[in-house]
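Taking it in order: structure first as structure tokens, then the write-up.
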Amino acid sequence: MQILSFLLKKLTYLVILLFVVALITFLLVSLSPIDPIRAYIGADMLQVSPEQKEQIEIYWGLKESKPEQFISWITSLLKADFGTSLIYRAPVSEVIADKFFASLLLMGIAWILSLVGGIVLGSIAGMRQNGLLDRIIQLYSYVLVSTPGFWFGLLLLMIFAVGLGIFPIGLASPIGMLEGNVSFLDRLYHVILPALTLSILGTANIALHTREKLIEILKSPFILQAKAQGLKGFSLYKRHAFRHTILPAISLHFASFGELFGGAILAEQVFSYPGLGQAVVDAGLGGDVPLLLGIVIISAGFVFVGNFLADVLYKIIDPRFRKGLMKL
Amino acid sequence: MKKWIPIKLIVPILLILVLYIVAIIIEQKELAIDLNQKNTAPSLTHLFGTDWLGRDMLIRTWQGLSVSLTIGIVTAFCSTIIALLMAVVAGANKKFDRIVRWMIDLFLSLPHLVTLLLITFTLGGGVKGLMIGLIVTHWTSLARVLRVEVFQLNNSEFIQASRQFGKNYIWIVWHHFLPHLYPQIIIGAILIFPHAILHEAAVTFLGFGLSTDQPAIGIILSESMSYLSAGYWWLAFFPGLFLLSITLTFQYMGKQVHRVMERNDRYDSGVNN
């Protein structure tokens, strides 16, 4: 029952959140000075007569009042109809579904890389607190946190793709190959450099967090007892500290889906990787309002899922919550 | 708190000041276009190399820096004010607190960069759009910290006593909250700075921010993309490194200010230094 009400609460929250996000983006776009017809037609604007312009306005419903426009937009959103993308000339939902897979692969690999890397680095640093290794790892993490991710991507591109020629310069599949012939290995090969770029920021954050957490745990009484019983080094870490550090780290990592998405936009741009991030940039630069709004709403859902999983991990997987020792 | 300001704090402040002043001085200088010198690798005459028009990259980067620093300072200042206002409003009563919490959650519910792109898109890009976008998206984390502080202060005895004496909320904010909050405010403002300039560079890099004729590190980096496969590594390497050293300096400055201001935290200062 408790879990059910928890889920219900979260679901209500999601619905309200998506509604508010939709409302605000709608307001922003409708208040903006951008003329949707000019954005749609672009340079050919001079060839469109005022009568034609008026017809397009009626066809698009631009003559209706703003609340009417919003209601009709929201009702079509509820039917999963995001409208038609202007630059891809296809339904927005199809464009998003298509790009989402590529982005998911990229973000998934980067996510796992930074989680594993961060926990390993953070654990080493925490166990060797104030040692040489700890200082090096801390310095490394602090520098990476301040590094512009896309610049790091450019460096990787210069070193590994241009200089050494080990990895491809961009795109998600070999040039000139048909969609059906692209194997998973091809995709993996193309995703490595962008994923590496994307993972560095997360790695540094997780490493710093794990280190803090581990140091805190190492001060607790049960560690003192374990030490008194002769445990030390790796076995102490494995038996008593590991499980305590890993859960908050994973939770934090889930909660940072927003940064992951933002990083993906930049990484995709650097590597010309055709994912959601590139689509949102193209949509913004090309004045493709339906696609832009669609991606904004999808990204809000994505961040919500991350936060939700972070919550669930804490509340359901942690045995102390599960057994009712702590309140849900 | 020690009376003198430690050298570790003076160095980064001086460094930033000197960089900024030099940047302002050279900002107006027209860069000589020298087509005989185009795309030359770094050398003693051109430390950062030259670009496709033979312009010196060091000076271009430095000019870009002045724009970045100005944007960073304005953003840090305005975002801090918004954060403070939000925290103070949240402290007034429970209903306001809920509204403020909702606002924070709402801003965190979208990826930061997506919010920025959306705002700069609707405002039509340019310095103005970029600046507004940066200001309205950077206040959240500091507002969270300050909200908790205000909440704790609100429940402390001396505030309750002050209220019993009939002081109104504004008076309490001015005379009790601000003196307590100011270390957090200053550190928060300093730490907003590197975020703001990294985001500025990123948004500009994506083509949403500053226009291409303005000197900006984001523009330089996105321009360099076309020359990467030709092997002109210096076009991207040095400007990015410059940006990185600025953000690092600010991180360091924030840390030092933290140490100076919170001397009474000496309890675990051995861990964090």
Side-chain angles (χ1 to χ4, degrees), chain A residues 13 17-18 20-21 24-25 27-34 129-130 142-143 145-152 154-155 157-159 161-163 169 212 215 257-266 269-270 272 277 280-281 283-285 287 289 292-293 295-297 299-300 302-304 307, chain B residues 102 105-125 129 194-195 197-199 201-203 205-208 217-218 221-222 224-225 228-237 239-241 243-252 255 268 270-273:
Chain A
Y13 178 78
L17 176 78
L18 286 184
V20 175
V21 167
I24 289 177
T25 44
L27 282 179
L28 270 178
V29 170
S30 62
L31 290 178
S32 80
I34 294 162
Q129 196 196 334
N130 292 336
Y142 277 121
V143 170
V145 165
S146 315
T147 304
F150 58 102
W151 176 66
F152 189 78
L154 287 174
L155 293 189
L157 193 63
M158 286 192 292
I159 297 169
V162 178
I169 291 181
E212 294 283 307
I215 288 170
F257 267 22
E259 277 163 39
L260 188 69
F261 196 91
I265 296 178
L266 290 164
Q269 195 65 16
V270 170
S272 329
V280 75
V281 172
L285 294 179
V289 176
L292 185 66
L293 295 188
I295 297 178
V296 166
I297 289 176
S299 69
F302 182 68
V303 172
F304 172 82
N307 287 330
Chain B
W102 242 99
D105 278 358
L106 186 71
F107 271 94
L108 294 177
S109 71
L110 278 178
H112 197 145
L113 201 56
V114 172
T115 322
L116 264 174
L117 292 188
L118 186 70
I119 293 173
T120 46
F121 168 76
T122 51
L123 295 175
H195 275 268
I197 55 175
L198 283 186
H199 275 127
V203 172
F205 174 76
L206 292 174
F208 284 80
I217 292 182
L221 288 178
S222 77
S224 79
M225 291 262 300
L228 281 188
S229 41
Y232 302 151
W233 56 272
W234 59 89
L235 291 180
F237 180 73
L241 198 66
L243 187 62
L244 171 61
S245 42
I246 298 295
T247 51
L248 273 178
T249 312
F250 270 94
Q251 296 277 16
Y252 183 75
K255 220 168 149 185
D268 63 17
V271 180
N272 291 324
N273 57 10

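Below, read A as the first sequence line, B as the second, and so on, with proteins coming before strands; counting in each chain starts at 1. Keep in mind it's a predicted model, so treat the numbers as computed, not measured.
Residues P111(B) and G258(A) share a closest heavy-atom pair of CB-O, 3.4 Å. Minimum interatomic distance between G207(B) and L285(A) (heavy atoms only, all atoms of both residues): O-CD2, 3.3 Å. Closest of all the heavy-atom pairs between V281(A) and F208(B) is O-CZ, 3.6 Å. Summarising the geometry of Y13(A) relative to D105(B), their closest heavy-atom pair is OH-CB, 3.7 Å, with the distance given to 0.1 Å.
With a threshold of 4.5 angstrom between heavy atoms, L108(B) approaches chain A through N, CA, C or O but not through any side-chain atom. In this structure, the portion of S224(B) lying under 4.5 Å from any heavy atom of chain A is its side chain and not its backbone. For L221(B), the parts lying under 4.5 angstrom from a heavy atom of chain A are both the backbone and the side chain. Heavy-atom distances place no part of E259(A) under 4.5 Å from chain B, backbone and side chain included. Only the side chain of L243(B) comes within contact range of chain A, judged by heavy atoms closer than 4.5 Å. Heavy-atom distances place no part of I159(A) under 4.5 Å from chain B, backbone and side chain included. Residue L292(A) touches chain B through its side chain alone, counting heavy-atom pairs closer than 4.5 Å. Using a 4.5 Å cut-off between heavy atoms, Y142(A) touches chain B through backbone and side chain atoms alike.
Results of the side chain to side chain contact (heavy atoms under 4.5 Å, CB included) test with V114(B) over V303(A), V296(A), I295(A) single out V296(A) as the only residue that passes.
Between the NE2 atom in H112(B) and the CD1 atom in I265(A) there is a gap of 11.5 Å [rounded to 0.5 Å]. Taking OG1 from T25(A) and CD1 from I119(B), the interatomic distance works out to 11.0 Å, rounded to the nearest 0.5 Å.
Put simply, the side chain of T122(B) never gets that close to the backbone of V29(A): no donor and acceptor are under 3.5 Å apart.
Interface summary for chain A: among L118(B), I246(B), L117(B), T120(B), the most heavy-atom pairs under 4.5 angstrom belong to L118(B). When each of L154(A), L260(A), I24(A), V21(A) is checked for heavy-atom pairs under 4.5 Å with chain B, L154(A) comes out on top. Per-residue counts of heavy-atom pairs under 4.5 Å with chain B were compared for F257(A), F150(A), F261(A); the largest is that of F150(A). The residue among L241(B), I217(B), I197(B) with the most heavy atom pairs within less than 4.5 Å of chain A is L241(B).
Side-chain contact check for P194(B) versus S146(A): every heavy-atom pair is 4.5 Å or farther apart. Under the 4.5 Å side-chain criterion, counting only non-hydrogen atoms from C-beta, L113(B) is not in contact with V280(A). No side-chain heavy atom of F121(B) sits less than 4.5 Å from a side-chain heavy atom of L28(A).
For L155(A), the side-chain contact (heavy atoms from CB on, under 4.5 Å) partners are W151(A), M158(A), F237(B), not counting sequence neighbours.
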